[in-house]
Visitor: 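My questions will all concern the structure given below.
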Amino acid sequence: MRKKPFGRVWLRPAGRQRPVPLPGWLPALAGVLLALGLFLCLDSALREPVEGLAVYRFTNTVQGIVDQAVSQALDGLDGGALVSLERDGQNTVTALHADTLRINAVRSAVLEEILRKVEALDSTELGIPLGDLTGLTVLMSRGPSIPVRVVGGCGVSAQAVSQFSGAGINQTLHRLVLEVSVEATLLLPGGQRAVSFTVSAPLAETVVVGQVPSLVTGLTPGP
């Protein structure tokens, strides 16, 4: 009988081991984490443009409300009912006088209408269509809307200001403008955004021939 060579180790082939099965919840957990990561990336990328579009849409909507409210409040009034001219013996305009009571009545009516309509706004007027986020003209105003709402009420204040600008040779245009300041909080998906802005609407315009009158009563000078 032959002896086995000294120093040689004889090994028996090991049997194939079965892979250890993964827990059933691990693939589901990986899918959830992947979906969450994609959502966070998408939210980070879209948050700024969504907020910008929401503020732009809200500002334009309020501007339209202000214009309509001023038009309703001025219905039946002309410019002379709010601002009158004082002339000297040479028919030169020496002063502008504002009817403070009528201006305050117009301002109150405008503020009441603005508050009523702004508080009634919903996602139908303020919602942002997904197509607007693409920047493509053919997709504008298309697709489902991202909801946007006004929460916590809306703060509105207004004042009438006087503005002068050149209107031609030896002519000056006087404008009586209602400046409306708005403060509100917009509710967006994932958070809130505080907005504050001022919109203007003309109440009356008067062309003054000659020098600008040195006296303007009952009005706040504008920029």
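Quantities reported herein were computed from a predicted structural model and do not represent experimental measurements.
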Visitor: Can you tell me how far apart CG (Leu186) and CG (Leu126) are? Round to the nearest 0.5 Å.
Guide: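 Here the interatomic distance stands at 7.0 Å.
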Visitor: Atom OG of Ser200 and atom CG of Asp67: how far apart are they, to the nearest 0.5 Å?
Guide: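 Spacing of OG (Ser200) from CG (Asp67) equals 10.0 Å.
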Visitor: Can you tell me how far the OG1 atom of Thr185 sits from the CZ atom of Arg149, to the nearest 0.5 Å?
Guide: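 Output value for this atom pair is 15.0 Å.
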Visitor: Can you name the residues that form a ring-ring contact (aromatic ring centres under 6.0 Å, His included) with Tyr56, not counting sequence neighbours?
Guide: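 Tyr56: no ring-ring contact (aromatic ring centres under 6.0 Å, His included) contacts found.
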Visitor: Looking at side-chain heavy atoms only, is the closest gap between Leu82 and Leu74 below 4.5 Å?
Guide: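 With C-beta onward as the side chain, the pair touches.
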Visitor: Can you tell me which residue among Val182, Val195, Ile114 is in a side chain to side chain contact (heavy atoms under 4.5 Å, CB included) with Cys154?
Guide: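 Of the listed options, the one satisfying the test is Val182.
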Visitor: Would you give the length of the straight line joining atom OG of Ser157 to atom CZ of Arg107, rounded to the nearest 0.5 angstrom?
Guide: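 Taking OG in Ser157 and CZ in Arg107, the distance rounds to 8.5 Å.
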Visitor: Please determine whether residues Leu187 and Val148 belong to a single hydrophobic cluster, defined as Ile, Leu, Val, Met, Phe, Trp and Tyr linked transitively by side-chain heavy-atom distances below 4.5 Å.
Guide: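 No, Leu187 does not connect to Val148 through the hydrophobic network.
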Visitor: How close do Ala69 and Val110 get, heavy atom to heavy atom, and via which atoms?
Guide: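 Closest approach of Ala69 to Val110, heavy atoms only: O-CG2, 3.9 Å.
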Visitor: Flag the pair Val118 / Val156 as yes when at least one side-chain heavy-atom distance between them is below 4.5 Å, and no otherwise.
Guide: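 SC-SC contact between Val118 and Val156 ruled out.
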Visitor: Are any non-hydrogen side-chain atoms of Val55 and Phe197 less than 4.5 angstrom apart?
Guide: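 Contact flag for Val55/Phe197 side chains = no.
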Visitor: Nearest 0.5 Å, what's the CZ-CG distance between Arg193 and Leu188?
Guide: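 Here the rounded value is 8.5 Å.
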Visitor: Between Val151 and Gln192, does a side-chain contact (heavy atoms from CB on, under 4.5 Å) hold up when you go through it step by step?
Guide: CA-CA 9 Å; Val151 296; Gln192 298 180 352; 4.2 Å; yes
Visitor: Could you grab the distance from atom CG of Asn104 to atom CZ of Arg102, nearest 0.5 Å is fine?
Guide: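 It is 13.0 Å, given to the nearest 0.5 Å.
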Visitor: Does Glu119 reach the side chain of Val150, with side-chain heavy atoms less than 4.5 Å apart?
Guide: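 Not touching, per the 4.5 Å side-chain cut-off.
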Visitor: Does CD in Gln72 sit with more than 12 non-hydrogen atoms of other residues, nucleotides or ligands closer than 6.0 Å?
Guide: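 Above 12, so yes.
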Visitor: Which heavy atom of Leu178 sits nearest to which heavy atom of Ala160, and what is that distance?
Guide: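 Smallest interatomic distance, heavy atoms only, reads CD1-N, 4.1 Å.
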